[in-house]
Amino acid sequence: MVDANAKPLEQSQDTASLVKRLAGPSVTKAGLAKDQTEINRIIAEVSKGSKFYENEKRKDKELTERIAKILRIKDEVLKEADIRRVEADADRLFVDLEAERDLTQIIVHVDMDAFYANVELLRSPELEGKPFGVGKGVLSTASYEARKYGVRSGMAGFVAKKLCPELILMPIDFQKYSEMSKKVMAIFKQYDPNMIVAGCDEVMHSITKYCNEHNMAPDECVQRMREQVKVETRLTVSAGIAHNKMLAKNKPNGQFHLSSEREAVVAFMRDLPIRKLPGVGRVNERLLESIGSCGDIYEHRAVIWLMDHYFGKTFLFKAHLGIASNVVQPYQREERKSIGAERTFNPIDDQNKILEKLEEVSIELENDMRENGWAGKTVTLKYKLDTYQVFTRAKSFNRWITRKDDMFNTGKELLKPEFPLCLRLIGLRVTKLNDLHASANQGIKRDAMPGFHEHAAEMDEWPPGEGDEYLEGDEENSASRVPKPTSSRNPPIISTRPMDSRIDAEAHMRLQDSEDEDEPALRTQPCPVCAREIDAADNLALNAHIDFCLSKDAIKQATAASSSDVATPSNKKKGKGNKGNALTRTLSDWKKKEEKRPDRTRRGKKK
DNA sequence: GCGGATCAC
DNA sequence: TATGGTGATCCGC
């Protein structure tokens, strides 16, 4: 496994956090090897000296300074605070929050165990018991054997090889996983047609209704669901049962049912590390270092109250109580806010070659937007230097952007003043979207639209995200990814945190519903721009016509005014009573010191 | 509206 | 030999 005699890396306070950072974000997630410290040391060692390492070091230093400043503010605030009084205020909030507890729903979170790896095992049984990973440059997943060595999803292949020299690397086979995912999803859906799909291997259900209708206990229902998947696919599923989404998701392997008794819930939260809370990543974990587990939140309530701006008191108090959203509603297409494409490559400093990459990305994005029926008003360029520093530059228009040339030229315009550059990534993203399909179908149920099924099929091709797995780049799939919204819709239990309903479903499930259903009642549709009747059965023609209309400036303006109401039916305000993700707030004076432009001396990569 | 940062999957 | 891609949100300006 690991060399126990290797000399320890000197552990100054600075390197401790860096070593952990280098180990990657999923280190605290799944159950991993015993001696994570030793593994982290090796990872740091093989990374040392690389540009990647230097960038991580820089970010770690900045973060450390930023946290130090927040802690100084904390000290200041504490000095002049009447702790008793603050605690009394906090206690009142706890009482109010407690009143929101809703124990009536039965929520189930299921995910496939080591999905990619187990699918590979089905076809290659000789891999049984061997350490292997899926993916080439960056691992998408690791077998259980490999995980014992500290190999994780998201890890660079050469680092994984260092940890486990006999590691077998399997090429990624999206089609295989996609087919299997569809089978599994079809089974899951029988238990809740409104389930939230989160990636190809993860689903959130509400089985309240199902259990009532079938007169079935939750455990029995979930047992049956897991058994059905096992029988029909030979894959295993883990499930968490609880009365809200956050509790259901925080489960051990196998099947776990958390009692709906208040005491059981609070006891469960007591030992839950705050890192497990949705929205608490590596950064916020460090910010909240002194808190540790959710059980510690209460005793820190005064500090949290006073530092609400940084810590988010409502969020943390709810976490302590184990209160979270229990609303399970599938993702709606109109919730989408952006669409983009980006590509990583070997560092390039030649301007023309960089522009070629930009053009490729523009083409990808145009295809994706056309195939899925989106236009947008803001174009954002993203680029990553060979030093791994990331920058974005944006430009807004007063017309709808759909075409490759518009995006390419905008990107070029934004990039030009930044030269000279040596880049390892370039990307484009379009926001302020106009849903052309919705416009084309106003007043008509989208599912009933002929011609849109081919898109449904594309979207269905590959569900977005990866569970705890990581995707390797694959341009073939770029057209089929769907976002996961982070807002909740009028939950009966107040969800003050956008994050807590992060797991949500995709439009394709809805579109799938109506497959093979009713014959087209309408043969033509009005163009959303010029209102002319277009052959609705020919979707390509419809889109081509829309593109044509949009290409006329005068009409674009008209559309901008008229269709923005129609195009975003999600103009529904998401009753944001609360201020949202307070944990991500940062120190303003820290930001002021940030470089606003890339450092010219570090950009030009002379060979 | 823009840019940086964080997070999830 | 080579550390990913898509999308969302928040903050401070």
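In what follows, every chain begins at residue 1, and chains take the letters A, B, ... in the order their sequences are listed. Computed from a prediction, not measured in an experiment: that's the story for all the values here.
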*Asks:* With a 4.0 Å cut-off, would you call Glu65(A) and Lys69(A) a salt bridge?
*Replies:* no
*Asks:* Classify the nucleic acid contact of Ser47(A) as base, sugar-phosphate or nothing, counting any heavy atom under 4.0 Å across all strands shown.
*Replies:*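 Counting heavy atoms under 4.0 Å across all strands, the contact made by Ser47(A) includes a base.
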*Asks:* Considering the options Leu358(A), Ile339(A), Thr410(A), Thr380(A), which one meets the side-chain contact (heavy atoms from CB on, under 4.5 Å) requirement together with Leu428(A)?
*Replies:* Leu358(A)
*Asks:* Verify the contact: side-chain N or O of His309(A) to OP1 or OP2 of dC10(C), cut-off strictly under 4.0 Å; return yes or no.
*Replies:* no
*Asks:* Under the 3.5 Å rule, do the base of dT6(C) and the side chain of Ser338(A) count as making a donor-acceptor pair?
*Replies:*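 There is none.
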*Asks:* Indicate whether OP1 or OP2 belonging to dT6(C) is found under 4.0 Å from a side-chain N or O atom of Arg429(A).
*Replies:*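 For dT6(C), OP1/OP2 do not have a side-chain N/O of Arg429(A) under 4.0 Å.
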*Asks:* Just compare dT3(C), dG5(C), dG12(C) and give me whichever is closest to any side-chain atom of Arg424(A).
*Replies:*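 Closest nucleotide among those given: dT3(C).
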*Asks:* What is the distance, to the nearest angstrom, from the CD atom on Glu371(A) to the C1' atom on dT6(C)?
*Replies:* 16 Å
*Asks:* Below the 4.0 Å mark, does dG5(C) have OP1 or OP2 next to a side-chain nitrogen or oxygen of Thr344(A)?
*Replies:*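 So the side-chain polar atoms of Thr344(A) do come within 4.0 Å of the phosphate oxygens OP1 or OP2 of dG5(C), strictly under.
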*Asks:* What's the closest nucleotide to the Val283(A) side chain, out of dT6(C), dG5(C), dC7(B)?
*Replies:* dC7(B)
*Asks:* Do the charged groups of Glu364(A) and Arg343(A) touch, with an N to O distance under 4.0 Å?
*Replies:*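 A salt bridge is present here (some side-chain N lies under 4.0 Å from a carboxylate O).
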*Asks:* Mind calculating the distance between CG (Leu287(A)) and P (dC10(C)) to the nearest angstrom?
*Replies:*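 The distance from CG of Leu287(A) to P of dC10(C) comes to 17 Å, rounded to the nearest Å.
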*Asks:* According to a strict under-4.0 Å criterion, is Asn284(A) in side-chain N/O contact with OP1 or OP2 of dC7(B)?
*Replies:*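 For dC7(B), OP1 or OP2 has a side-chain N or O of Asn284(A) closer than 4.0 Å.
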*Asks:* Side-chain N or O of Lys432(A) less than 4.0 angstrom from OP1 or OP2 on dG1(B)?
*Replies:* yes
*Asks:* Check whether any side-chain N or O of Arg66(A) sits under 4.0 Å from OP1 or OP2 of dT6(B), and answer yes or no.
*Replies:*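 Affirmative; the distance criterion is met.
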*Asks:* Using the side-chain heavy atoms of Ala156(A), tell me which of these nucleotides is nearest: dG4(B), dG5(C), dT3(C).
*Replies:* dT3(C)
*Asks:* Tell me, please, which residues at least two apart from Phe317(A) pass ring pair (Phe, Tyr, Trp, His ring centres under 6.0 Å).
*Replies:*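 For Phe317(A), the residues satisfying ring pair (Phe, Tyr, Trp, His ring centres under 6.0 Å) (neighbours in sequence not counted) are Phe94(A).
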